[in-house]
Engineer: 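A single structure is presented below for examination.
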Amino acid sequence: MKARVRIDRDYRIGEVDRRLFGSFIEHLGRAVYGGIYEPGHPFAEGRGFRRDVLDLVRELKVPVVRYPGGNFVSSFDWEDSVGPVESRPRRLDLAWRTTEPNTFGLNEFMAWAKEAGTEVMMAVNLGTRGIDAARNLVEYCNHPGGTRWSDLRRSHGVADPHGIRLWCLGNEMDGPWQVGQKSAAEYGILARETAKAMRLVDPGLELVACGSSFQGMPTFPAWEATVLDLCYETVDYLSLHSYYGNRSDNIGEFLGASVGMDSFIKSVVATCDHVKAAKRSKKSMMLSFDEWNVWFHTDSEDRHRDPWTVAPSLLEDVYTFEDALVVGCLIIALLKNADRVKIACLAQLVNVIAPIMTETGAAAWRQTIFYPFLHASLYGRGVSLDLRVESGSYASAKYGEIPWLEAAAVFSGSGTAAAVADGAADLPGGELTIFAVNRSPTEAMDLEASIGGYGPLRVLESIEYAHPDLKAVNTAANPDRVIPRHVGGTGGGAAGYGAVGSGGARVEGKRLSVRLSPLSWNVIRLQTAKDVRTGGDTL
Ligand code: AHR
């Protein structure tokens with residue numbers, strides 16, 4: 001099978017916001033207790049943070065982590081989670097019907113995030129609570145001192161304000177499962193008034209309003225239209241959530257998930273732009289895809305848990321290789337919409353539908369989905385390019401025509417925000433990375449790419465992620481069963497990867513050719529010669 005791609009420096013989608021590679025920690029199952037926090041574990045440091053988990057979070061370079069929920073936040077009293085641990089109450093968590101001990105709370109999470117090198121995206125409870133609790137929480141977190149809530153923080157041993165910029169105005173408020181579900185009109189007004197009060201405390205906040213819980217909600221996209229009609233000028237982002245599963249065991253349909261994600265994003269963009277036009281607004285609403293992943297393996301077992309236990313195993317999907325391919329396709333869909341999707345959170349980060357798993361007594365390990373997320377986070381920062389792709393396609397019942405090839409490309413080099421942020425602004429040339437999934441279960445794909453505007457190219461590295469068994473998983477006992485391989489290039493292989501192979505991508509002038517194995521995720525990193533500021537060749 002053949003596929004052709006045209007890439008050109010002048011065809012740009014937009015700058016990839018670093019927060020596109022965010023994730024999520026909810027007080028749910030073993031995400032916190034037994035996940036990021038496990039006092040007494042051999043790998044725990046003095047505060048109880050698991051160092052092995054921190055190492056893997058840092059490896060993923062997660063720029064932002066959403067906290068503390070999720071459904072959990074809609075009946076959470078934040079005041080229970082601060083102050084001396086011995087006086088914090090144990091509470092019923094109504095979202096997951098567990099007991100929340102509150103031994104790990106807000107200030108512990110902020111300290112953990114600092115260790116992990118990540119920003120925090122904080123959610124406020126707009127289910128059982130509202131404006132008052134939200135504005136007090138902002139005062140507790142961000143006001144320097146001299147007032148009731150900021151002085152309470154100081155009395156808890158946190159002298160400097162946390163300075164949290166990014167906030168979610170509730171979670172999935174359209175969902176019947178949500179404690180304190182609202183109609184769109186009720187929520188739109190509450191979001192607007194809560195945003196107003198929070199900004200009066202701290203004008204520097206960036207605020208995310210809740211979109212629909214998923215595209216299949218009967219009220220989608222009327223919910224978005226009504227909510228935005230009420231709070232358009234007051235919020236900065238609208239949220240999207242979506243989970244995908246292979247319930248009918250049909251790999252072709254499952255791999256179409258990114259086509260579904262792309263159409264979901266485009267529908268939300270259209271709705272936002274309709275409201276913008278109706279309001280004669282100058283502002284374009286940006287999107288926060290703050291929950292996305294594969295989630296279906298544990299659907300039935302999670303329905304039969306005993307209630308009110310502390311940190312039970314919940315939503316502990318063990319991911320197969322085919323799940324990793326879908327996660328790769330979904331990341332490509334996010335990159336292709338980088339002009340409007342500025343924040344995205346892989347839900348979640350540890351133990352709960354997560355790339356990182358722990359077991360008491362053993363070292364944390366990487367699930368199959370860890371790798372495509374890692375590659376995108378490491379090499380997907382820069383300018384997302386608008387590819388012209390020609391590949392055949394196949395028909396799917398759910399998503400219509402699905403191209404055999406799913407691909408995106410990101411240029412990161414001198415002059416791009418990513419390079420400036422990495423302190424690499426003065427590097428000659430830059431790096432062009434192509435992410436590609438061959439969806440064919442039977443045929444290898446000969447991909448030819450013509451790449452304009454970057455001068456001579458050199459293959460730094462070709463990575464292939466493929467496996468003969470689509471259902472293969474990693475486990476604590478066999479954590480490296482499914483891992484990517486370096487298949488070529490001059491860049492060498494990173495530790496923990498499969499053996500360096502031969503082959504991979506080749507370039508001649510501006511032409512790249514590479515053979516993509518059936519059902520594979522591929523990362524092709526090219527060094528570009530041209531310095532985009534001066535136009536001078538540097539190779
Ligand atoms: O991520 C798991 C749950 O999925 C979140 O708590 C909720 O927001 C969504 O329904």
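Read the numbers this way: they start at 1 and go in the same order the structure lists the ligands and their atoms.
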Engineer: May I ask you to check if ligand 1 and Trp177 share an N or O to N or O distance below 3.5 Å?
Structural biologist: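 So ligand 1 has no N or O lying under 3.5 Å from an N or O of Trp177.
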
Engineer: Go through the steps to decide whether His27 and Tyr67 satisfy the test ring pair (Phe, Tyr, Trp, His ring centres under 6.0 Å), and finish with yes or no.
Structural biologist: CA-CA 8 Å; His27 280 253; Tyr67 178 83; 5.4 Å; yes

Engineer: Would you check the N or O atoms of Glu172, main chain and side chain alike, for any that come under 3.5 Å of an N or O of ligand 1?
Structural biologist: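 By distance alone, the answer is yes.
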
Engineer: Using a strict 4.0 Å cut-off to heavy atoms of Gly70, name the atoms of ligand 1 that fall inside it.
Structural biologist: 5 (C), 6 (O), 8 (O)

Engineer: Counting only heavy atoms, which portion of Asn171 has something under 4.0 Å from ligand 1: side chain, backbone, both, or neither?
Structural biologist: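 The part of Asn171 near ligand 1 is the side chain, not the backbone.
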
Engineer: With respect to Arg90, which candidate in Thr103, Asn102, Val310 satisfies the side-chain contact (heavy atoms from CB on, under 4.5 Å) definition?
Structural biologist: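 Testing Arg90 for a side-chain contact (heavy atoms from CB on, under 4.5 Å) against Thr103, Asn102, Val310 leaves exactly one candidate, Val310.
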
Engineer: Between the side chain of Arg199 and the main-chain N/O of Thr234, is any donor-acceptor distance below 3.5 Å?
Structural biologist: yes

Engineer: Tell me which part of Trp96 gets within contact of ligand 1: side chain, backbone, both or neither, using heavy atoms under 4.0 Å.
Structural biologist: side chain

Engineer: Considering both backbone and side-chain atoms of His241, is one of its nitrogen or oxygen atoms within less than 3.5 Å of a nitrogen or oxygen in ligand 1?
Structural biologist: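 No - when backbone and side-chain N and O of His241 are compared with those of ligand 1, no distance drops under 3.5 Å.
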
Engineer: Does this structure show an ion pair linking Glu253 with Lys398, if we count only N-O contacts that are shorter than 4.0 Å?
Structural biologist: no

Engineer: Show your working on ring pair (Phe, Tyr, Trp, His ring centres under 6.0 Å) between Trp223 and Tyr187 and close with a plain yes or no.
Structural biologist: CA-CA 10 Å; Trp223 169 276; Tyr187 173 70; 5.7 Å; yes

Engineer: Tell me which pairs pass salt bridge (charged side-chain N to carboxylate O under 4.0 Å, His left out) where either residue lies in residues 127-136, with sequence neighbours left out.
Structural biologist: Asp77-Arg129, Glu79-Arg129, Asp132-Arg135

Engineer: For Glu26, counting its heavy atoms only, list the atoms of ligand 1 lying under 4.0 Å from any of them.
Structural biologist: 5 (C), 6 (O)

Engineer: Between ligand 1 and Tyr243, is the shortest N or O to N or O distance under 3.5 Å?
Structural biologist: yes

Engineer: Of the protein's non-hydrogen atoms, which lies at the shortest distance from atom 4 (O) of ligand 1, and what is that distance?
Structural biologist: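 Going by distance alone, atom 4 (O) of ligand 1 is nearest to Glu291 OE1, 3.1 Å.
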
Engineer: Taking the six-membered ring of Phe296 (Phe, Tyr or Trp), confirm whether the NZ or CZ of Arg247 is under 6.0 Å from its centre and within 45° of its axis.
Structural biologist: no

